[in-house]
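Reading through the structure tokens given below for one structure.
Position 1 is the first residue of the sequence, and the numbers go up from there. Note that ligands are numbered from 1 as they come in the structure, with each ligand's atoms numbered from 1 the same way.
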Amino acid sequence: MPSPPRATPPGIDGNLKHVVSGGDDAEWMPFETRKLYTNAFIVQDGKVLLGYKKRGFGKHKYNGFGGKVEDGETSQEAALRELEEEAGITAPLEYAGTLLFLSEGSDVAFHIDIYRAEEYSGTIAETDEMRPEWFALPSINPQGPEASSPSIPFAQMWDTDVHWMPLLFSKTAFVGRADFKREGDVFAPHKWWFGVSADVELP
Ligand SMILES: Nc1[nH]c(=O)nc2c1ncn2[C@H]1C[C@H](O)[C@@H](COP(=O)(O)OP(=O)(O)OP(=O)(O)O)O1
């Protein structure tokens with residue numbers, strides 16, 4: 001029997017409606033402070049641009065392009081700067097959602113504002129940090145040109161991204177939280193919750 005939806009976790013606000021949640025019954029991890037980050041995705045012609053992270057935390061995973069919001073910057077300014085620094089392009093980024101990410105052993109919660117755009121300018125370029133690659137969305141037309149791109153490599157991404165990416169692709173603003181436990185060198189998801197504003201009609 002599916003378990004009932006969990007209550008909205010601590011640290012995320014608003015009048016929200018549950019979409020998906022899971023994990024074990026342990027408490028949500030406590031945190032002292034919140035650090036602001038960004039993550040940006042280009043979604044175009046049935047494909048999404050992801051970057052293979054070559055160094056740093058999250059190395060060897062595919063992700064959007066992003067990083068820390070610096071002092072004096074808005075999150076959107078940071079998202080534009082990071083997209084340019086990591087993929088060499090600029091884009092009319094629009095807010096798409098917020099993810100609160102916690103990892104065992106740290107009292108800092110990463111508050112990640114997620115952005116998307118359907119067009120970009122400039123030439124996509126590999127950088128020291130990221131190798132950009134296009135992947136076909138799950139809902140592609142098998143006869144379309146996008147079908148020649150590989151499928152999104154969820155097995156090589158942060159494990160809970162598979163739960164919110166459909167909301168990103170359907171342009172449904174979402175909010176969620178994912179707590180990860182440390183298992184040796186790797187981080188394993190232990191509890192997650194994603195939702196949307198209570199007045200949103202889900203596709
Ligand atoms: N798609 C994603 N799903 C997820 O669950 N957690 C993510 C995530 N993208 C980033 N995180 C978490 C993990 C990581 O600790 C933190 C910061 O992520 P980033 O890799 O974007 O930042 P960087 O350390 O590269 O920052 P900069 O050095 O400023 O570029 O946010």
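A donor-acceptor contact shorter than 3.5 Å links the side chain of Glu104 to the backbone of Arg182.
Here the side chains of Thr98 and Ile112 are not in contact, with every heavy-atom distance at 4.5 Å or above. The side-chain heavy atoms of Asp128 and Arg55, taken from C-beta on, include a pair separated by under 4.5 Å.
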What does the N/O contact table under 3.5 Å look like for ligand 1?
{"from": "ligand 1", "atom 1": "1 (N)", "to": "Asn39", "atom 2": "ND2", "distance (Å)": "3.3"}
{"from": "ligand 1", "atom 1": "1 (N)", "to": "Asn63", "atom 2": "OD1", "distance (Å)": "2.9"}
{"from": "ligand 1", "atom 1": "1 (N)", "to": "Asp161", "atom 2": "OD1", "distance (Å)": "3.4"}
{"from": "ligand 1", "atom 1": "1 (N)", "to": "Asp161", "atom 2": "OD2", "distance (Å)": "2.9"}
{"from": "ligand 1", "atom 1": "3 (N)", "to": "Asp161", "atom 2": "OD1", "distance (Å)": "2.7"}
{"from": "ligand 1", "atom 1": "9 (N)", "to": "Asn63", "atom 2": "ND2", "distance (Å)": "2.8"}
{"from": "ligand 1", "atom 1": "20 (O)", "to": "Lys53", "atom 2": "NZ", "distance (Å)": "2.7"}
{"from": "ligand 1", "atom 1": "25 (O)", "to": "Lys53", "atom 2": "NZ", "distance (Å)": "2.8"}
{"from": "ligand 1", "atom 1": "25 (O)", "to": "Glu129", "atom 2": "OE2", "distance (Å)": "3.2"}
{"from": "ligand 1", "atom 1": "28 (O)", "to": "Lys68", "atom 2": "NZ", "distance (Å)": "3.4"}
{"from": "ligand 1", "atom 1": "29 (O)", "to": "Lys68", "atom 2": "N", "distance (Å)": "2.8"}

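Atoms CH2 and NE2, on Trp193 and His18 in that order, are 7.0 Å from each other to the nearest 0.5 Å.
Atom NZ of Lys54 has more than 12 neighbouring heavy atoms from other residues, nucleotides or ligands inside a 6.0 Å radius.
In this structure, the ring-ring contact (aromatic ring centres under 6.0 Å, His included) partners of Trp158, at least two apart in sequence or on a different chain, are Phe57, Phe101, Phe180.
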